[in-house]
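Just the heavy atoms: all of them, side chains too, but no hydrogens, waters or symmetry mates, feed the values below.
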Amino acid sequence: MKSTLIRVTLAGALAAAFSVPALAAEQGHEHAAANGAPLELDHGRKWQTDEPLRKGMVEMRSALASELGAIHANQASEAQYEALAAKLNGEVAYVVQNCKLEPRADAALHKVIAEVLAGAEAMQGREPGVERREGAVRVAKALNAYGEYFDHPGWRDL
């Protein structure tokens with residue numbers, strides 16, 4: 001029952017996350033994530049962040065960093081990948097529910113979040129032909145991109 005509740009909660013959070021771009025587009029805001037444009041800086045500057053975003057991203061980075069040894073050694077178990085993916089999904093839900101960025105920064109963030117979610121899905125074994133380890137690599141790249149494009153004092157790449 002608890003796992004069903006988590007799935008329902010996460011599904012709602014993800015639905016909210018992906019409805020924000022549609023709403024922004026309806027309001028006339030450009031949403032680059034919808035058209036597949038690459039992640040870009042804000043006129044040469046990093047995008048502003050808020051406290052909930054920074055908290056969630058630190059938690060995601062910490063969760064992945066704690067498993068890097070096993071992942072690099074190709075010794076992470078399916079259970080470790082499942083737990084890591086669940087933690088990442090939970091932090092994404094937290095960010096989606098609490099982060100309030102201006103529309104263009106939000107659009108840029110959705111590109112990072114989409115990669116984190118895709119990596120988590122692969123870590124759960126839900127992407128045919130993709131090893132769970134590849135999902136972790138995808139998340140690491142997304143988190144490093146976050147640090148490159150978002151103003152997060154003290155952020156360290158993986």
Side-chain angles (χ1 to χ4, degrees), residues 6-69 71-72 81 83-124 126-127 130-158:
I6 291 170
R7 282 190 202 115
V8 169
T9 302
L10 181 57
L14 294 177
F18 291 104
S19 67
V20 170
L23 178 60
E26 287 174 16
Q27 295 172 344
H29 297 290
E30 179 180 295
H31 195 279
N35 66 16
L39 194 55
E40 296 178 345
L41 293 170
D42 180 18
H43 299 95
R45 295 182 310 270
K46 290 184 176 187
W47 297 101
Q48 292 299 305
T49 59
D50 65 5
E51 185 57 33
L53 173 58
R54 291 187 296 271
K55 179 186 179 300
M57 297 307 284
V58 164
E59 291 295 324
M60 287 182 227
R61 186 199 178 284
S62 178
L64 183 56
S66 71
E67 298 294 339
L68 279 181
I71 292 168
H72 279 301
Y81 282 116
L84 178 55
K87 173 69 173 166
L88 294 169
N89 285 331
E91 292 304 327
V92 167
Y94 170 82
V95 167
V96 167
Q97 291 173 344
N98 296 287
C99 176
K100 306 292 184 229
L101 300 179
E102 63 93 8
R104 290 179 47 240
D106 183 65
L109 178 62
H110 278 271
K111 294 176 186 182
V112 173
I113 294 298
E115 285 300 302
V116 170
L117 291 173
E121 189 168 301
M123 283 190 282
Q124 292 171 314
R126 294 182 181 166
E127 194 171 327
V130 177
E131 292 182 25
R132 291 173 190 255
R133 184 176 189 279
E134 291 175 54
V137 170
R138 192 167 183 177
V139 171
K141 288 179 180 180
L143 295 176
N144 289 345
Y146 165 78
E148 184 178 345
Y149 290 92
F150 288 83
D151 185 16
H152 185 134
W155 181 262
R156 292 178 302 130
D157 284 348
L158 290 161

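- Under a 4.0 Å N-O distance rule, the pair Arg138/Glu115 qualifies as a salt bridge.
- Side-chain contact between Arg104 and His43 is present, with at least one heavy-atom pair separated by less than 4.5 Å.
- Residues Leu109 and Val95 have side chains in contact (heavy-atom distance under 4.5 Å, counting atoms from C-beta outward).
- Interatomic distance, CD of Glu131 versus CD of Glu127, reported as 12.0 Å (0.5 Å rounding).
- With rounding to the nearest 0.5 Å, the separation of CE in Met60 from CD in Glu91 is 6.0 Å.
- Remark: aromatic rings of Phe150 and Trp155 are distant, center separation not under 6.0 Å.
- A distance of 9.5 Å separates NZ in Lys87 from OG in Ser66, rounded to the nearest 0.5 Å.
- Between atom CH2 of residue Trp47 and atom CG of residue Asp106 there is a gap of 10.5 Å, rounded to the nearest 0.5 Å.
- A cation-pi arrangement, defined by a distance under 6.0 Å to the six-membered ring centre and an angle within 45 degrees of its axis, is absent between Lys46 and Tyr149.
- Of the residues listed (Val139, Leu64, Asn89), the one engaging Leu84 in a side-chain contact (heavy atoms from CB on, under 4.5 Å) is Leu64, and it is the only one.
- One finds the CG atom of Leu53 at 12.0 Å from the NZ atom of Lys100 (value rounded to the nearest 0.5 Å).
- The closest side-chain heavy-atom distance from Tyr146 to Val116 is not below 4.5 Å.
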